[in-house]
Asks: 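Here it is, the structure in full.
We name chains A, B, ... by the order of the sequence lines, and we start the count at 1 in each one.
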Amino acid sequence: MSNVPEKPSIEGLESRWRERWAADGTYRFDRTKTRDEIYSIDTPPPTVSGKLHIGHCCSFTHTDLVARFWRMRGKEVFYPMGWDDNGLNTERRVQLMLGIACDPSLPYDPDFEPPAKPPDRPIHVSRPNFVEQCARITEQLEEAYFDLWSTLGLSVDWTQSYTTIGEHARRTSQVGFLRLHEQSHVYRTESPTLWDVDMRTAVAQAELADREIPGTYHKLRFYRADGPSAGEPLIIETTRPELLAACVALVAHPDDARYQPLFGSYAVTPLFNARVPIVAHELADPEKGSGIAMICTFGDTTDVTWWRELSLPVRAIVEKDGRLSLEPPSGLDDAGRAAYEQISGLTVKQAQKRVVELLTESGHIDGEPRSITHPVKFWENGSRPLEIVPNRQWFIRYPPKDVLLARGNELRWWPDFMRVRYENWVNGLIGDWNITRQRFFGVPFPVWYPIDDDGNLVHDQPILARVEQLPVDPSSDVPDGYDADQRDKPCGFAGDPDVMDTWATSSLTPLIAGHWVDDDDLLRRVFPMDLRPQAHEIIRTWLFSTVVRSHFEFDALPFANAAISGFVFDPERKKLSKSQGNSPDDPNAVMTEYGSDAVRYWAAGGRPGMDVAFDRNQLKVGRRLAIKLLNASKFVLSFGEPPVTAAPTQALDLAVLEQLVAVVDEATAAFESYDYTKAIERTESFFWSFCDDYVELVKSRAYAGDESALATLRATLSVLLRLFAPFLPFVTEEVWSWWQNGSIHRASWPARSELPTESTDGAVFDIAGSVLAEIRKAKTAAKKSLRADV
RNA sequence: GGGCGAUUAGCUCAGUUGGCUAGAGCACCUGCAUGACGCGCAGGGGGUCGGGGGUUCGAAUCCCUCAUCGCCCACCA
């Protein structure tokens with residue numbers, strides 16, 4: 001056995017085999033195959049805004065296990081990789097890393113270089129400079145990501161890669177937008193918009209997170225305005241007194257007897273002296289505060305509902321920078337306007353303090369303020385509460401809820417209970433999908449607006465790009481029928497200044513990877529995809545939005561199966577740190593220490609939907625399994641090749657094969673229902689009893705050249721290597737190369753038919769095993785060497 | 001507030017439709033140079049299956065209830 005090394009080792013297998021697989025195109029997708037011969041995967045494009053942690057390795061391994069199984073099972077696997085590098089998260093990352101901020105009013109500086117260390121105060125740069133830096137940083141990160149995935153052994157076809165900011169994705173995204181526009185599924189309107197005042201952009205419902213923060217209840221004295229009871233006080237409890245100037249009404253529950261007589265009458269706000277109606281609405285909670293609330297434009301999403309359903313006026317005071325507007329709102333008298341001057345231009349926080357002072361001075365606060373903690377809406381990655389600001393935005397109109405729920409039912413979920421997350425989300429949807437972001441590193445809307453003779457934008461007559469022009473950037477490209485010098489001039493045009501929400505592009509990943517816009521032949525071979533693997537926290541965003549887009553474009557699901565992975569926790573049951581540097585869970589360090597196969601072994605222990613503990617123990621076990629596989633294989637192969645006519649005939653040999661066939665059946669069935677964990681458990685447990693019992697029992701026969709034993713050892717090894725191949729691609733490939741031609745990862749998945757099917761009793765092996773155990777027990781008890789004769 | 005999931009040995013987890021004395025690996029203890037592996041091999045101790053009820057000849061498994069942890073969703077007055 002000249003191919004078998006003297007002292008086999010798992011060190012260095014990763015770099016050797018990843019290069020070999022790349023050179024041989026082992027995982028290259030063969031597009032001559034037809035749809036039914038193909039297994040296609042809508043791989044999650046990881047966000048390129050930081051560092052991949054061990055949790056990413058875990059979930060991406062899960063997908064790779066499935067990909068490798070189906071490839072060996074005879075399917076041609078379409079396994080692309082994308083990088084999600086557009087959008088707010090990348091911008092935030094680049095701002096922090098380089099200490100720069102985008103100011104679109106600045107001119108491009110071709111010589112700009114970011115400082116080596118980020119300065120305390122951000123340097124303002126032009127939009128092209130900013131986008132350039134985003135592109136530079138994401139390229140670096142993508143290179144590191146590619147390297148990590150290759151070391152981890154993902155069997156991705158790297159020729160099928162895309163980035164969500166790349167030309168192809170921009171084009172797909174813009175074509176998708178135009179298609180929605182054609183079918184009237186998208187519209188643009190001015191409406192109250194959830195707004196992050198730090199990032200200065202709109203945020204969608206799907207990106208919200210509630211956080212508990214401290215707040216203070218203040219009891220404000222309003223006064224009845226008319227009738228015989230004019231001047232009587234009305235106590236309103238609020239946590240946002242700074243919005244008092246934006247108050248447009250008071251509201252109580254229609255059944256609340258305390259306030260029923262007041263409905264239809266008016267009240268006057270303290271300090272600002274605005275006359276506001278007292279109205280009734282079911283959403284008012286008689287239990288909260290004094291049972292009557294002030295409606296402001298806009299303090300929260302309930303205010304928006306009240307404002308819309310009760311047809312109230314807008315009296316907005318919070319600006320997009322989180323400060324109160326310089327101009328007072330409508331409806332105030334002279335004294336009110338004077339009071340407003342005290343708070344105009346202040347931040348929301350400063351304004352709150354000042355308003356409370358003014359109210360206290362004028363005796364409009366009742367009792368002591370009361371501290372509470374309450375949930376407040378944030379952008380999920382933001383640091384200040386969201387405000388609600390009126391703004392013009394593009395919206396995608398959602399299909400009816402029952403249609404969306406039916407799609408959720410049609411989809412096969414692994415595990416099934418994850419469907420509930422989808423249903424919860426659909427049932428809680430409010431309004432449509434705001435896809436507009438006031439940002440820079442994103443896909444622009446392929447839209448311009450005419451400017452009339454007076455220099456006003458004509459919003460309701462947008463000029464849409466032609467499909468052939470795409471991708472376009474309306475801030476530099478010129479619409480048909482105009483000249484470049486007409487930009488932003490009367491009788492000219494203006495580009496839509498905004499970019500699309502990152503999910504507006506990510507919702508098209510099956511179409512980006514499948515080349516919907518430029519390769520219909522490929523699309524028909526891979527779409528709808530077989531599998532969408534993803535994390536559960538983005539069911540409401542990525543999964544849901546992909547279903548919506550596919551529903552509109554194809555009236556079909558975008559994928560047949562959704563495999564949902566869990567979180568990875570550290571041993572203290574906390575979420576893993578994403579911190580930089582040498583964190584103990586840095587994936588490269590972990591792979592160097594234990595080997596990639598060991599990392600994959602650990603990952604394989606996490607069933608779909610289950611949270612996984614980061615556990616060095618399992619890494620150690622996986623590492624030892626890989627080493628054991630090398631040594632056991634070396635031993636089996638050391639007996640030399642049996643003659644071609646050799647066949648298993650002895651009862652023990654047939655029994656072990658009988659058990660092996662059962663393992664093959666179980667592992668196959670497990671994989672088909674995405675339970676790779678069960679597949680490796682069965683395989684591993686058989687492997688150890690094969691080593692400890694079977695190999696020991698046949699040693700003497702094998703040394704004597706018994707053909708039945710030799711044939712059985714080799715047949716079993718071949719099957720075991722292939723059962724392990726999806727999990728331990730490096731070590732199995734190494735062993736395979738010692739005695740077989742071609743890659744094990746293109747070999748066929750083991751089947752019952754390749755092993756002897758003579759009916760035997762598998763129990764023979766068990767009985768022999770227990771006899772062996774008794775003998776060993778006696779030897780151990782006698783403190784004798786196991787070699788001692790019985 | 002509504003929902004989903006988890007709770008089995010010190011740790012990480014199996015346990016199929018209820019059925020032999022509840023399993024594995026790690027850790028721990030003891031032993032063994034054995035024609036591949038000492039990163040090995042053999043043996044051993046260790047659990048009232050989160051608590052409490054119930055159904056049943058029989059419950060880790062089915063029902064009710066409570067508790068703890070995690071997550072998802074929810075209209076912030």
Asks: Which part of the nucleic acid does A/Arg682 contact within heavy-atom distance under 4.0 Å: base, sugar-phosphate only, or nothing?
Replies: nothing
Asks: I'd like the P distance from B/G51 over to B/A60, given in whole Å.
Replies: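 Each nucleotide's P atom is 11 Å from the other's.
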Asks: Looking for any heavy atom pair under 4.0 Å, which part of the strands does A/Gly299 touch: base, sugar-phosphate only, or nothing?
Replies: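 Base, at least one base heavy atom under 4.0 Å.
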Asks: Measure distances between side-chain N and O atoms of A/Lys628 and base N and O atoms of B/C37, and say whether any donor-acceptor pair falls under 3.5 Å.
Replies: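 Flag set: donor-acceptor pair detected.
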Asks: Starting at the 5' end of RNA chain B, which residue's closest nucleotide do you reach first, A/Arg623 or A/Tyr601?
Replies: A/Tyr601
Asks: Send over the distance from A/His536 NE2 to B/C73 C1', rounded to a whole Å.
Replies: 14 Å
Asks: Would you tell me if any nitrogen or oxygen in the side chain of A/Arg421 comes within less than 4.0 Å of OP1 or OP2 on B/C73?
Replies: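 No.
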Asks: In whole Å, measure the gap between the P atoms of B/G46 and B/G10 for me.
Replies: 12 Å
Asks: Name the nucleic acid region contacted by A/Met418, choosing base, sugar-phosphate or nothing; use a 4.0 angstrom heavy-atom cut-off, strictly under.
Replies: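 The answer is nothing, as A/Met418 stays clear of every strand by at least 4.0 Å.
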Asks: With the threshold set at 4.0 Å, does a side-chain nitrogen-carboxylate oxygen contact exist between A/Arg407 and A/Glu423?
Replies: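 Result for this pair is no, no salt bridge flagged.
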Asks: Ignoring hydrogens and angles, tell me if any N or O in the side chain of A/Glu684 forms a donor-acceptor pair with the backbone of A/Glu681 under 3.5 Å.
Replies: no
Asks: Please tell me if A/Lys678 has a side-chain N or O lying less than 4.0 Å from either OP1 or OP2 of B/U16.
Replies: no
Asks: Report the nucleotide, chosen from B/C75, B/A77, B/A27, that has the shortest atom-to-atom distance to any side-chain atom of A/Lys620.
Replies: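 So the nucleotide nearest the side chain must be B/A27.
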Asks: Rounded to the Å, how far apart are A/Arg240 CZ and B/A77 P?
Replies: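 Between P of B/A77 and CZ of A/Arg240: 10 Å.
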Asks: With respect to the side chain of A/Trp425, which nucleotide from B/C73, B/C75, B/C76 is positioned closest?
Replies: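 Among B/C73, B/C75, B/C76, the one nearest the side chain of A/Trp425 is B/C73.
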Asks: For A/Glu282 and B/A77, give me the distance from atom CD to atom C1', rounded to whole Å.
Replies: 16 Å
Asks: Would you say the rings of A/His253 and A/Tyr259 are close, in the sense that their centroids are separated by under 6.0 Å?
Replies: no
Asks: Applying a 4.0 Å non-hydrogen cut-off, can you work out what A/Glu696 is touching in the nucleic acid: base, sugar-phosphate, or nothing?
Replies: base
Asks: Can the positive tip of A/Arg211 be found less than 6.0 Å from the middle of the six-membered ring of A/Phe378, inside 45° of the ring normal?
Replies: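 A/Arg211 over A/Phe378 ring: yes.
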Asks: Choose from B/A36, B/G25, B/G2 the nucleotide whose nearest atom is closest to any side-chain atom of A/Val621.
Replies: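 So the nucleotide nearest the side chain must be B/G25.
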Asks: To the nearest angstrom, how far is A/Asn631 atom CG from B/A36 atom P?
Replies: 10 Å
Asks: Students often get this wrong, so: under 4.0 angstrom with heavy atoms, is A/Thr238 touching a base, only sugar-phosphate, or nothing?
Replies: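 Since only primed, P, OP1 and OP2 atoms lie under 4.0 Å of A/Thr238, the category is sugar-phosphate.
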Asks: Rounding to an integer number of angstrom, what distance separates B/C49 and B/G15 when you compare their C1' atoms?
Replies: 11 Å
Asks: Tell me which of A/Ala293 and A/Leu429 sits closer to the 5' end of RNA chain B, going by the nucleotide each one is nearest to.
Replies: A/Leu429
Asks: Between B/C11 and B/G54, how far is it from one C1' atom to the other, in whole Å?
Replies: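 Roughly 34 Å separates the two C1' atoms.
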Asks: Measure from the side-chain heavy atoms of A/Phe417 and tell me the nearest of B/C4, B/C73, B/C37.
Replies: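 Among the listed nucleotides, the one closest to the side chain of A/Phe417 is B/C4.
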Asks: Taking the P atom in each of B/G58 and B/U21, what is the distance between them to the nearest angstrom?
Replies: 14 Å
Asks: Minimum heavy-atom separation for A/Asp597 and A/Glu14, please, with both atom names.
Replies: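 Smallest heavy-atom distance, with atoms named: N-OE2, 4.5 Å.
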Asks: State whether A/His218 places a side-chain N or O below 4.0 Å from either non-bridging phosphate oxygen (OP1 or OP2) of B/A77.
Replies: no
Asks: Return the value, rounded to whole Å, for the distance between atom CZ of A/Phe378 and atom C1' of B/A74.
Replies: 17 Å
Asks: Return no unless some side-chain N or O of A/Lys219 is found under 4.0 Å from OP1 or OP2 of B/A77.
Replies: no
Asks: Taking CG from A/Asp285 and C1' from B/C75, how many angstroms apart are they, rounded to a whole number?
Replies: 10 Å
Asks: Regarding A/Arg540, tell me which of base, sugar-phosphate or nothing describes its non-hydrogen contacts under 4.0 Å with the strands shown.
Replies: sugar-phosphate
Asks: With side-chain contact (heavy atoms from CB on, under 4.5 Å) as the test, pick out the partner of A/Val426 among A/Arg421, A/Arg540, A/Lys401.
Replies: A/Lys401
Asks: How would you label the contact of A/Ile213 with the nucleic acid (heavy atoms, under 4.0 Å): base, sugar-phosphate, or nothing?
Replies: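 Here A/Ile213 touches no strand at all.
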Asks: With respect to the side chain of A/Asn617, which nucleotide from B/C71, B/C75, B/C26 is positioned closest?
Replies: B/C26
Asks: Can you check whether A/Tyr703 stacks with the B/G35 base, using ring centres under 5.5 Å and planes within 30°?
Replies: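 A/Tyr703 ring centre within cut-off of B/G35 base, planes near parallel; stacks.
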Asks: Looking at every strand, decide which applies to A/Asn427 at a 4.0 Å heavy-atom threshold: base, sugar-phosphate, or nothing.
Replies: nothing
Asks: Would you call A/Glu242 and A/Lys349 a salt bridge, taking side-chain N to carboxylate O under 4.0 Å as the test?
Replies: no
Asks: NA contact type, A/Trp602, heavy-atom cut-off 4.0 Å: base, sugar-phosphate, or nothing?
Replies: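 Answer is nothing: A/Trp602 stays at 4.0 Å or more from every strand.
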Asks: Counting the atoms with a prime plus P, OP1 and OP2 as sugar-phosphate, which does A/Val376 contact under 4.0 Å by heavy atoms, base, sugar-phosphate, or nothing?
Replies: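 It contacts base atoms.
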Asks: Considering only the P atoms, how many Å lie between B/G50 and B/U7, rounded to the nearest integer?
Replies: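 Per the computed distance, 8 Å lies between those P atoms.
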Asks: Measure CG/A/Leu728 against P/B/C39 and give the value in whole Å, please.
Replies: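 Spelled out: CG on A/Leu728 to P on B/C39 is 20 Å.
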Asks: Any salt bridge linking A/Arg682 with A/Glu666? Criterion: basic side-chain nitrogen under 4.0 Å from a carboxylate oxygen.
Replies: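 A salt bridge is present here (some side-chain N lies under 4.0 Å from a carboxylate O).
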Asks: Would A/Phe614 and A/Trp602 count as a ring pair (Phe, Tyr, Trp, His ring centres under 6.0 Å) here? Give the steps.
Replies: CA-CA 8 Å; A/Phe614 179 70; A/Trp602 159 72; 5.6 Å; yes
Asks: Calculate the interatomic distance between A/Ile10 atom CD1 and B/C39 atom C1'; express it in whole Å.
Replies: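 The distance from CD1 of A/Ile10 to C1' of B/C39 comes to 9 Å, rounded to the nearest Å.
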Asks: Only stems of 3 or more consecutive Watson-Crick or G-U pairs count here, both distances under 3.5 Å; name the ones for RNA chain B, or none.
Replies: B:1-7 with B:67-73, B:10-13 with B:23-26, B:28-32 with B:40-44, B:50-54 with B:62-66
Asks: What's the gap between B/G18 and B/U61 when it is taken at their P atoms, as a whole Å value?
Replies: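 It comes out at 11 Å once rounded to the nearest Å.
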Asks: Under 4.0 Å between a side-chain N or O of A/Thr239 and OP1 or OP2 of B/A77?
Replies: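 Answer yes for this pair, as a side-chain N or O of A/Thr239 is under 4.0 Å from OP1 or OP2.
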Asks: Just do the ring pair (Phe, Tyr, Trp, His ring centres under 6.0 Å) check on A/Phe724 and A/Phe687 with the steps written out, would you?
Replies: CA-CA 10 Å; A/Phe724 276 128; A/Phe687 172 66; 5.5 Å; yes
Asks: Do A/Gln534 side-chain atoms and A/Ile538 backbone N/O form a donor-acceptor pair below 3.5 Å?
Replies: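 Pair found, side chain donor or acceptor close to backbone of A/Ile538.
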Asks: Of all the choices, B/C26, B/C41, B/G15, which nucleotide is nearest to the side chain of A/Asp692 once you look at every atom?
Replies: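 Closest nucleotide among those given: B/C41.
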Asks: Given B/C26, is OP1 or OP2 found less than 4.0 Å from the side-chain N or O atoms of A/Arg624?
Replies: yes
Asks: Which value, in whole Å, describes the distance between the C1' atoms of nucleotides B/C64 and B/G25?
Replies: 36 Å
Asks: What's the closest nucleotide to the side chain of A/Asn424 if the choices are B/A36, B/C73, B/C76?
Replies: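 Among B/A36, B/C73, B/C76, the one nearest the side chain of A/Asn424 is B/C73.
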Asks: Can you tell which of B/A77, B/C76, B/A14 lies closest to the side chain of A/Met610?
Replies: B/A14
Asks: For a quick check of understanding: with a heavy-atom distance under 4.0 Å over all strands, which category does A/Asp210 fall into, base, sugar-phosphate or nothing?
Replies: base
Asks: Please step through ring pair (Phe, Tyr, Trp, His ring centres under 6.0 Å) for the pair A/His364 and A/Phe222, ending with a clear verdict.
Replies: CA-CA 8 Å; A/His364 291 303; A/Phe222 282 55; 9.4 Å; no
